[in-house]
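Reading through the structure tokens given below for one structure.
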Amino acid sequence: MGKNGRDIRVWLALAAVYIVWGSTYLGIRIAIESVPPLLSGGFRFVTAALVLATVLVARKGAAPYRMTWREFGGAALVGVLLLAAGNGMVAVAEQHISSGLAALLVASVPLWLVVLRTVFRDRPHALTLAGVLVGFVGVAGLSLGGGTSSATLGVAVLLLGSVSWSVGSFIAQRIPMPKDPFAASTVEMVVGGAVMLLTGLGIGERVDIGAVTGRSWLAMVFLVFFGSLVAFTSYVWLLGNAPISLVSTYAYVNPVVAVILGMVVLDERVTAGMIFAGLLILIGVALVISTERRKPAPSVEEPALREVSP
């Protein structure tokens, strides 16, 4: 394929990551209108894992799934941290806060990754630390601006989920993992989804099939096939076919897409303070990523970009 054809594929894949991952916050908010949050997430990821495994086996046979128990355990742990705890808390939090606010808070994940690096005796660049400081001022602004106890609870849950997501992304680069990224993703999704289902059932979540609305079903289908398969596949392909500096721009675009969709589709209220605090987070993330991009060694950008999405 010629350069122009490849460029078109890059931009199509990037558009999928921009729009689809940005819209998953809206999809989660609609899905949990009539399906409990942990059960909806568990169903989403287990179903996506089965589809991905079927496609991968049909194309490559069983070879991608030949892994050691340590590699399987690594992927399983990452799946619990990223999906069961990270994504699960996004769904739980969206019962109390808007999808746009959730997206802006999740955008802080690269900042938490810098904190983890510092704890483990890495020495981030001064501009990286400045970006973290600016970003966390924005996080504080969003966290303190909720007003109601329900919103405060939602923000607290989401911040815990963001920390879990960051820890999962951080250790994924440092523990044994399956060599094939799609096989790793299958393990992550099936284990993370199973933990969400068991946890949801354990705390009393139940699904009344007759009460599930048509729009919640559509949201679930969208999250399985587009959020968990199309966008992720596009992202993995981009990592091998486009500059990481270009791929990283989704970290700025996703929250904007989420906020706009929340306003248009769900009539979510966006205040001037929320916009200002969100901009501070995005400026902080931009400082972190642009500074880290200049370093020749592997940096926080790589684990930060790995599945930083609901």
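None of these values were measured; they are calculated from a predicted model.
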Please list, chain by chain and in numerical order, all residues satisfying side chain to side chain contact (heavy atoms under 4.5 Å, CB included) with [X], sequence neighbours excluded.
| X | value |
| --- | --- |
| V207 | V35, P36, L39, I209, V212 |
| L261 | S23, L26, V257 |
| L129 | V114, T118, P124 |

CZ/R59: more than 12 non-hydrogen atoms of other groups inside 6.0 Å: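 Counting neighbours around CZ of R59, 12 or fewer heavy atoms of other residues, nucleotides or ligands fall under 6.0 Å, so no.
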Which atom names give the shortest non-hydrogen contact between N254 and G22, and what distance separates them?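 Closest approach of N254 to G22, heavy atoms only: ND2-N, 3.5 Å.
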Which heavy atom in N87 sits nearest to a heavy atom in I28, and how many Å separate them?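 It is ND2-CD1, 4.3 Å.
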Has R174 got its NZ or CZ under 6.0 Å from the middle of the six-membered ring of F170, at an angle within 45 degrees of the ring axis?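 Flagged: R174 positioned over aromatic ring of F170.
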Please state whether the rings of F72 and W69 are parallel, tilted or perpendicular, taking 30° and 60° as the class boundaries.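 Plane angle over 60°, so perpendicular.
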Residues that E205 engages under salt bridge (Lys or Arg N to Asp or Glu O under 4.0 Å), provided they are two or more places apart: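 E205: no salt bridge (Lys or Arg N to Asp or Glu O under 4.0 Å) contacts found.
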Quick one: salt bridge (Lys or Arg N to Asp or Glu O under 4.0 Å) partners of R269, sequence neighbours excluded?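 With neighbours one apart ignored, the set is empty.
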Between the main-chain N or O of [Y] and the side-chain N or O of [X], is there a donor-acceptor pair closer than 3.5 Å?
| X | Y | value |
| --- | --- | --- |
| E268 | V259 | no |
| S99 | G262 | no |
| T213 | S216 | yes |

Hey, are S166 and S169 close enough side-chain-wise for a donor-acceptor pair under 3.5 Å?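 No - no donor-acceptor pair under 3.5 Å links their side chains.
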Listed by chain and number, what are the side chain to side chain donor-acceptor pair (under 3.5 Å) partners of [X], not counting sequence neighbours?
| X | value |
| --- | --- |
| R70 | none |
| Q95 | none |
| T186 | Y65 |

Not counting sequence neighbours, which residues clear ring-ring contact (aromatic ring centres under 6.0 Å, His included) with F136? List them please.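 Listed in chain order: W112.
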Taking ring-ring contact (aromatic ring centres under 6.0 Å, His included) as the test, write out the residues that go with Y18, two or more places apart.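 By the ring-ring contact (aromatic ring centres under 6.0 Å, His included) rule, Y18 matches no residue at all.
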Which ILVMFWY residues can you reach from M220 by hopping between side chains whose heavy atoms are under 4.5 Å apart?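 Result for M220 is F43.
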Under 3.5 Å, which donor-acceptor pairs do the side chains of residues 270-278 form with other protein atoms, sequence neighbours left out?
unit_1 : atom_1 : unit_2 : atom_2 : d
T271   : OG1    : M274   : N      : 3.1

